[in-house]
Protein chains: 2
Amino acid sequence: MAKKMSLLWGSGSPPCWRVMITLEEKRFQGYKRKLLSFEAGEHKSAEVLELNPRGQLPVFKHRDSVLNESIAACLFLENQYQLKGTRLLPQTPAEQALALQRMVEGITLNDKLNAVIYYEWFVPEEERCETGVKRSREVLGAELQLWEKYLEQVGPGAYLAGAFSLADVTVFPSVACAFRFGLSVLRYPKLAKYYSLLKGRASIKVSWPPHWLESPQGYDVLKDL
Amino acid sequence: MAKKMSLLWGSGSPPCWRVMITLEEKRFQGYKRKLLSFEAGEHKSAEVLELNPRGQLPVFKHRDSVLNESIAACLFLENQYQLKGTRLLPQTPAEQALALQRMVEGITLNDKLNAVIYYEWFVPEEERCETGVKRSREVLGAELQLWEKYLEQVGPGAYLAGAFSLADVTVFPSVACAFRFGLSVLRYPKLAKYYSLLKGRASIKVSWPPHWLESPQGYDVLKDL
């Protein structure tokens with residue numbers, strides 16, 4: 001079945017990474033994939049735009065179906081292949097509710113992270129202003145503190161919703177991204193512990209952004225957050 | 001079971017409406033619900049903040065589980081009660097992929113709609129600028145044209161992904177909102193047809209925003225889009 005799947009992706013993109021982790025967890029190694037460069041603008045290439053008119057990555061294909069929303073792709077893979085590889089949605093109502101809730105909240109976390117890290121990318125020069133930057137940083141800080149609280153509630157060494165689930169698939173790449181961009185391990189100890197718990201997981205390790213491996217030195221955009 | 005569910009909601013909020021449509025489709029009439037006022041700031045009340053720290057509506061409770069992300073609540077209800085009421089996720093892989101894809105894209109549509117309609121709400125006075133407004137409007141126009149194309153692809157009189165599904169549950173409230181705020185029926189004929197196809201559906205009619213019924217006259221923010 002992996003042969004019927006293909007992925008266009010970019011290195012370091014949390015949405016792309018979500019789909020790759022899911023494919024690993026579901027044991028679909030061997031799917032066709034092609035790494036595109038954001039820097040070279042390849043996410044706006046004809047090849048991408050034909051399948052994803054918004055010009056974003058990932059673009060995941062399953063037979064003739066195109067899923068370019070990462071959450072949709074992950075849900076689809078879990079629904080269609082429930083019994084293959086890792087079960088990524090808990091069955092008990094309370095745990096399933098929590099996993100779905102955190103999964104969708106992961107979109108908000110990533111949006112708020114992007115708004116700070118890629119501020120100059122998203123906001124044209126004439127619209128940039130100090131109050132806008134400051135506000136986005138405060139919003140992100142409050143969001144990250146919320147996740148600290150969530151992790152405190154589940155206890156140390158725990159995943160977001162019981163066993164490893166689509167919640168972690170969705171949220172971990174953003175957490176990794178936050179630390180890559182300088183988030184303080186001291187001020188966000190629960191997130192740091194969560195990061196260190198998951199970064200060695202096989203599905204995550206094998207799909208680690210290649211350009212992060214090539215240049216392990218990150219950035220310090222978030223260091224004062 | 002409806003007795004074990006409760007909803008805090010606001011009139012005219014697409015995310016709240018999604019959950020209400022799902023509850024109707026799943027025949028959970030009789031759940032406890034409480035209408036809060038955005039104007040009075042009740043979405044930032046202690047009652048809401050205790051369950052949803054971001055101070056947003058809806059807040060849906062299923063027994064002790066809190067689901068305040070509408071997509072999570074709808075997915076949860078469909079997963080837990082697949083055989084009750086309307087089946088909201090198609091079973092064939094291609095249709096399910098399309099339904100999930102359009103459902104998640106519905107979040108983007110709603111975000112872009114909000115960015116225009118509630119510009120002054122989201123952007124503090126000192127950060128507002130004409131280029132920002134213009135850009136948000138262009139982004140929304142392109143987004144709406146994309147949905148015109150999607151509807152053209154499925155053909156007239158069709159839902160977004162085969163039968164009525166979570167895609168429609170998610171997207172319809174935003175489409176209704178767009179017309180409420182003045183979207184041109186002539187320039188967006190496919191969306192207008194889709195709107196008129198679905199607005200009479202029982203689950204949608206019964207959950208129609210009460211303040212829209214009280215003041216049927218809408219706004220013209222989007223009339224030139």
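Quick note on labels: first sequence line is chain A, next is B, and so on, each numbered from 1. This one's a predicted model, so the numbers in the text were calculated from it and none came from an experiment.
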Tell me whether [X] at atom [atom1] has more than 12 heavy atoms from other residues, nucleotides or ligands lying less than 6.0 Å away.
| X | atom1 | answer |
| --- | --- | --- |
| A:K84 | NZ | yes |
| B:E50 | CD | no |
| B:Q91 | CD | yes |
| B:K34 | NZ | no |
| B:R27 | CZ | no |

[X] versus [Y]: any side-chain heavy-atom pair under 4.5 Å?
| X | Y | answer |
| --- | --- | --- |
| A:E127 | B:E127 | no |
| A:Q101 | B:N68 | yes |
| A:P93 | B:R63 | no |
| B:T108 | A:R54 | yes |

Best-contacting candidate, [options], against chain A by heavy atom pairs under 4.5 angstrom:
| options | result |
| --- | --- |
| B:A142, B:G132, B:C129 | B:G132 |
| B:D64, B:N79, B:V123 | B:N79 |
| B:E105, B:E143, B:H62 | B:E105 |

Which of the residues A:V66, A:V104, A:L146 is involved in the greatest number of heavy-atom pairs with chain B at under 4.5 angstrom?
A:V104
Could you check which of A:I71, A:L75, A:L100 has the highest count of heavy-atom pairs closer than 4.5 Å to chain B?
A:L100
Chain A contact via B:F60 - which portion, at a heavy-atom distance below 4.5 Å:
neither
When the 4.5 angstrom heavy-atom criterion is applied to B:S70 and chain A, the contacting part is neither
Look at A:E69 together with B:R102 and state whether they make a salt bridge at an N to O cut-off of under 4.0 Å.
no
From A:Q80 atom CD to B:T92 atom OG1, the distance as rounded to the nearest 0.5 Å:
8.0 Å
Distance in Å, A:E126 CD paired with B:E130 CD, rounded so as to fall on 0.5 Å steps:
12.0 Å
Contact part of A:L98 toward chain B, heavy-atom cut-off under 4.5 Å: side chain, backbone, both or neither?
neither
Relative to chain B, which segment of A:R135 carries a heavy atom at a distance below 4.5 Å: side chain, backbone, both, or neither?
side chain
